[in-house]
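Hydrogens, waters and symmetry mates play no part in the numbers below; they use all other heavy atoms, side chains included. Lettering follows sequence order; numbering is per chain, from 1. Being a predicted model, the structure only gives us computed values, none of them experimental.
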Amino acid sequence: MASVTDPQTNQGFRISSLINDRRYRGLTFQFIALIGIIFAMAYLGINLVQNLATAGLTFSYDFLGEQAGYDINQTLIEYDSQSSHLRAAIVGVINTLLVSVLGCIAATLIGVTAGVLRLSKNWLVAKLMSIYVEAFRNVPVLIWILIIGTVVTLSGANPRDFLTRGGSVEPSSELILGAFAFTNRGFYAPAVELGAGWPVVLIALIAGIVGFFWWRAHVKKTLFDTGKLLPVWPSWLILIVPVVLAQLVLGALSLSMPDVASNNFNIQGGTLIAKPFIALWLALSIYTGAFIAENVRAGILAVSTGQTEAAAALGLRPRRVMNLVILPQALRIIIPPLISQYLNLTKNSSLAIAVGYADITATLGGITLNQTGKALECVLLLMLFYLIISLSISAVMNVYNASVALKER
Amino acid sequence: MTYKLILGALAATGLTAGAAAAATLDDVKERGALNCGVVTGLVGFGAPNANGEWEGFDVALCRAVAAAVLGDPTAVEFIPTTGKTRFTALASGEIDMLARNTTWTFSRDVDLKFEFTGINYYDGQGFMVPKSLGVTSAKDLDGATVCIQTGTTTELNLADFFRKNNISYEPVAVETNAEGQQQYQAGACDTYTTDASGLAATRAAFENPADHVILPEIISKEPLGPLVRHGDNEWGDVVRWTLNALIAAEEMGVTSANVQDMAAAPGDSPEINRLLGTEGNLGEMMGLEADWAVNAIAANGNYGEIFEKNIGENTPIGLARGLNAQWTNGGLLYSPPFR
């Protein structure tokens with residue numbers, strides 16, 4: 001058949017067949033396009049190198065070893081103005097990862113809850129969730145970050161209201177329970193201090209967690225093997241009791257309360273969850289949560305109602321229908337769009353500077369770039385970082401997706 | 001947001017820097033307008049007024065340069081830049097000159113390849129605090145939260161000052177002066193630090209300026225001036241000598257009121273005559289018209305007039321001349337001779 005409609009098939013290769021022969025024509029055009037792209041890139045690249053040379057600028061990463069000279073307000077690792085630009089960049093990386101990870105967790109919780117509730121039969125709940133989803137999805141995230149940052153600033157008290165300033169002043173506000181304060185600069189809470197014997201407490205905690213999951217697995221196995229349903233609550237005892245016992249016996253962990261006496265401007269000591277972090281984290285999670293809610297709703301609606309009815313006919317209660325029948329099937333549909341929401345959240349965290357949060361874009365791509373003038377180097381490093389993070393998230397989530405995907409046999 | 005700006009600026013560097021590197025003067029003449037980088041909004045130094053027209057101390061310099069080159073002080077395209085975007089904007093050729101309270105430092109001059117063409121304001125970094133705090137010295141600020149514009153020399157001075165005095169602080173990074181003002185007024189920081197002139201300008205915009213004090217310590221030298229790209233000396237000369245013409249005009253008593261008369265009827269002072277182009281050919285040497293300085297001075301007046309009109313003691317900003325007085329009055333302003 002082919003030899004009739006395509007008489008050239010049996011002929012050998014000639015130069016003209018690069019254009020005339022259907023077997024080669026496609027390749028020819030692709031090759032030409034490739035050459036074109038390579039030339040365009042080379043032109044831009046050479047132009048860039050030439051212009052850098054004309055402007056007398058050199059391409060070098062030596063500046064990373066130089067002293068940064070600036071301070072950062074949230075540092076999870078040791079850092080001061082004498083540290084290097086590289087260390088400032090690492091501080092930024094850690095801050096980005098912190099807000100991204102916590103943001104993804106919070107966005108998932110918010111999103112799943114809102115997505116399920118939007119399908120609720122309760123009219124008010126369903127409408128409230130619709131309003132939440134539509135309001136947050138349809139306003140740019142930068143606006144939300146700014147609004148939430150402003151609200152946090154304006155709603156908190158000034159930390160000075162809590163201060164006794166060495167006993168000279170009667171403070172107008174008291175710490176809640178002597179331990180917590182919500183101020184316009186962030187949330188103050190007690191800090192946990194590690195005393196002697198803290199590894200024992202840590203081991204007890206890990207043992208508790210292992211025991212917790214072991215008991216749950218044991219309950220499931222007994223149920224499947226014998227049909228007998230053991231109580232689940234002992235797992236919580238296994239989780240909590242060893243840690244509490246270890247702490248009571250050793251007294252290893254102690255709380256250090258925020259200190260209102262020693263400084264004239266701010267509450268000292270304790271743990272400060274700073275305002276920029278709160279604003280950015282809340283805004284990212286609530287914003288992304290709205291998108292995840294829609295993914296979840298779509299996933300649930302995609303599971304045929306016959307499944308619900310069949311499960312109900314078997315006598316399962318509504319909660320179990322959701323947990324055992326609907327969600328596991330819905331997950332297969334939810335996970336792929338969820339990956340891209342996680343990626344979005346991580347990339348959106350680069351808007352941190354709007355509220356003064358010191359993420360990688362603010363330290364390396366902002367202050368370091370400005371102080372050293374190494375725009376090209378800094379931006380390339382930034383791109384590399386975001387690329388690595390995004391691809392890692394994709395990889396991890398794809399593995400998870402493969403584990404819940406429909407297994408075809 | 002700024003990330004994209006930087007990327008855009010980078011792309012612009014890659015594509016246009018080669019073309020823009022030389023002969024800025026010809027480009028400006030051909031375009032018929034000067035692209036001048038200014039601050040995003042700092043009352044007195046550079047901000048749009050109620051009619052949307054840019055005015056201020058730095059803006060006046062842009063207009064003077066436009067008048068000197070094109071004969072028209074309104075032929076200026078004002079391009080607002082932040083502390084972060086200003087250098088890429090200049091390096092990429094997006095703007096022809098930057099007149100935006102930018103501190104002249106060694107590394108900006110040498111490493112970033114810019115040419116500072118003079119100093120139009122001698123400044124220093126200070127701190128502003130609410131009067132109610134009862135703070136009288138910057139050394140009392142131990143533990144305070146400080147609002148600071150990122151990407152500025154003040155950021156580095158701040159770190160140095162607190163380290164030197166062995167006291168601690170919490171930085172709150174802001175991008176623009178407006179944002180700093182808002183954070184400071186909302187109480188998100190105890191003190192705001194920037195150039196003392198900027199503090200005065202910011203305070204002037206408050207509802208109750210008297211409730212805030214500027215602390216006596218000046219912790220750095222901040223010589224502010226206009227800058228252009230390295231490697232285009234003809235253009236650098238134009239900006240440098242326009243500034244010098246404004247300074248010299250004040251010294252010689254040439255004002256916006258009498259400049260036209262003095263140019264029409266040359267007097268017996270040779271230097272004034274050379275400045276105003278009625279004698280010699282200074283304008284021609286720079287590739288400008290003979291009356292370039294007349295136009296520059298007529299645009300907004302001489303340096304003293306510009307100072308008094310925008311930031312002087314009779315304005316809400318209320319800055320005294322101080323170091324920015326003529327050398328004959330004990331200040332640091334000193335123009336090289338027009339000869």
Test side chain to side chain contact (heavy atoms under 4.5 Å, CB included) applied to B/Leu156 and A/Gln67, step by step: CA-CA 11 Å; B/Leu156 306 180; A/Gln67 202 182 76; over 6 Å; no

Interatomic distance, B/Gln183 atom CD to A/Asn184 atom CG [nearest 0.5 angstrom]: 9.5 Å

Pick from B/Gly83, B/Cys189, B/Gly143 with the largest number of heavy-atom pairs that fall under 4.5 Å of chain A: B/Gly143

Spacing of A/Asn266 atom CG and B/Glu170 atom CD [to the nearest 0.5 Å]: 7.0 Å

Inter-residue atom distance A/Arg160.CZ - B/Asp190.CG, 0.5 Å rounding: 7.0 Å

Test item: side-chain donor near acceptor, A/Asn370 and B/Thr150, under 3.5 Å: no

Heavy-atom proximity to chain B below 4.5 Å, by part of A/Asp71: both

Contact class of A/Ala68 relative to chain B, heavy atoms under 4.5 angstrom: backbone

More than 12 heavy atoms from other groups under 6.0 Å of CH2 on A/Trp281: no

Most chain A-contacting option - heavy-atom pairs closer than 4.5 Å, from B/Asp142, B/Val174, B/Asn157, B/Val172: B/Asp142

Closest-packed option against chain B by number of heavy-atom pairs under 4.5 Å, given A/Asn158, A/Ile72, A/Leu154: A/Ile72

Pairwise distance CG(A/Asp80) to OG(B/Ser168) - rounded to 0.5 angstrom: 12.5 Å

Proximity breakdown for A/Thr183 and chain B, heavy-atom pairs closer than 4.5 Å: neither

Region of A/Gln74 that comes under 4.5 Å of a non-hydrogen atom in chain B: neither

Considering all heavy atoms, the nearest B/Ala188-A/Arg185 contact: O-NE, 3.2 Å

Side-chain donor/acceptor of A/Gln371 to backbone N/O of B/Thr152, under 3.5 Å: yes

Winner by heavy-atom pair count (cut-off under 4.5 Å) against chain A, out of B/Ala159, B/Ala173, B/Ala144: B/Ala144

Toward chain A, the part of B/Ile148 with a non-hydrogen atom under 4.5 Å: neither

Rounded distance [0.5 Å steps], CZ in A/Phe265 versus OG1 in B/Thr145: 9.0 Å

Chain B interface, residue from A/Gly69, A/Pro159, A/Ser81 that has the most non-hydrogen pairs under 4.5 Å: A/Gly69

Side chain / backbone / both / neither for B/Thr191 at chain A, heavy atoms under 4.5 Å: neither

Over 12 foreign heavy atoms within 6.0 Å of CG, A/Asn138: yes

B/Tyr169, part contacting chain A, at a heavy-atom distance under 4.5 Å: side chain

